[in-house]
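Below is one structure; the comments refer to it alone.
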Amino acid sequence: SRNVPCHGVFYQYVQWHNHAFEAARTLRIPTLIMHYEDFESDNSGTAESPLGRLLDFLELSMHGFIAPFRGDSSRYRDYYSEMERVEITKFLGLLSDTETRKILNRYVAFHVNT
């Protein structure tokens with residue numbers, strides 16, 4: 001972790017997900033995995049959209065007007081150098097359980113044997 005910037009934050013992030021998956025599995029709680037950036041590409045509220053899937057999961061119906069999504073996940077890409085991203089990826093791969101690694105694969109390509 002010496003070469004990982006903000007390693008404490010990355011550790012907490014991975015542990016939160018590891019524990020959330022474990023709790024959901026142990027307690028048999030239904031879950032829905034949502035990705036923030038999915039709302040950037042489709043905020044329509046149709047049944048297939050992220051908002052539609054969320055409403056369906058929560059057993060809620062659409063009411064009123066859908067506010068425009070104002071996120072911009074692309075702004076985070078330049079926070080770390082290429083070398084730092086490699087070290088962060090290794091760190092995440094070592095700490096992540098199978099389910100956490102599966103959701104993180106969307107963001108990083110793991111190059112470690114885990």
Side-chain angles (χ1 to χ4, degrees):
S1 69
R2 183 177 32 182
N3 296 325
V4 177
C6 309
H7 65 273
V9 174
F10 285 109
Y11 176 81
Q12 290 173 341
Y13 177 86
V14 169
Q15 287 300 94
W16 187 94
H17 285 84
N18 288 344
H19 292 305
F21 282 122
E22 178 65 26
R25 187 174 44 257
T26 301
L27 300 172
R28 297 184 179 159
I29 299 170
T31 59
L32 174 66
I33 297 172
M34 304 291 301
H35 296 275
Y36 177 80
E37 64 276 4
D38 289 346
F39 289 90
E40 288 176 320
S41 60
D42 185 357
N43 194 29
S44 65
T46 63
E48 308 80 38
S49 73
L51 179 57
R53 290 184 13 247
L54 177 60
L55 291 172
D56 182 59
F57 180 78
L58 297 173
E59 299 178 2
L60 297 172
S61 58
M62 179 82 66
H63 293 283
F65 140 89
I66 301 172
F69 184 79
R70 299 198 192 284
D72 181 12
S73 61
S74 66
R75 66 182 177 187
Y76 301 116
R77 290 190 185 110
D78 296 326
Y79 277 15
Y80 302 102
S81 70
E82 181 62 31
M83 176 81 99
E84 289 171 327
R85 286 194 297 274
V86 167
E87 293 301 319
I88 291 166
T89 299
K90 289 178 188 176
F91 189 63
L92 294 175
L94 291 171
L95 296 174
S96 301
D97 66 18
T98 303
E99 290 170 293
T100 300
R101 198 171 305 110
K102 183 178 175 183
I103 65 157
L104 291 179
N105 271 328
R106 179 179 183 135
Y107 307 104
V108 297
F110 293 108
H111 300 290
V112 294
N113 294 328
T114 54

Same cluster for [X] and [Y] if Ile/Leu/Val/Met/Phe/Trp/Tyr side chains link at under 4.5 Å?
X	Y	value
Trp16	Phe10	no
Leu32	Leu55	yes
Phe91	Val86	no

From [X] [atom1] over to [Y] [atom2], what is the distance, rounded to the nearest 0.5 angstrom?
X	Y	atom1	atom2	answer
Arg101	Asn18	CZ	CG	8.5 Å
Arg2	His7	CZ	NE2	11.5 Å
Thr98	Ile103	OG1	CD1	12.5 Å
Leu51	Asp56	CG	CG	11.0 Å
Asp38	Leu54	CG	CG	11.5 Å

Validation row: [X], [Y] side chains within 4.5 angstrom (heavy atoms):
X	Y	value
Asn3	Met83	no
His35	Tyr107	yes
Pro5	Tyr79	no
Arg53	Met34	yes
Arg85	Glu82	yes
His17	Ser96	no
Phe21	Ile33	yes

Could you walk me through whether Tyr13 and Leu95 pass side-chain contact (heavy atoms from CB on, under 4.5 Å), step by step? CA-CA 10 Å; Tyr13 177 86; Leu95 296 174; over 6 Å; no
A quick test of your reading: do over 12 heavy atoms of other residues, nucleotides or ligands sit less than 6.0 Å from CZ of Phe39? yes
Is any side-chain N of the basic residue among Arg25 and Glu22 closer than 4.0 Å to the acidic one's carboxylate O? yes
Heavy-atom closest contact (Glu84 atom, Ser81 atom, distance):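 Heavy atoms of Glu84 and Ser81 come nearest at OE1-N, 2.8 Å.
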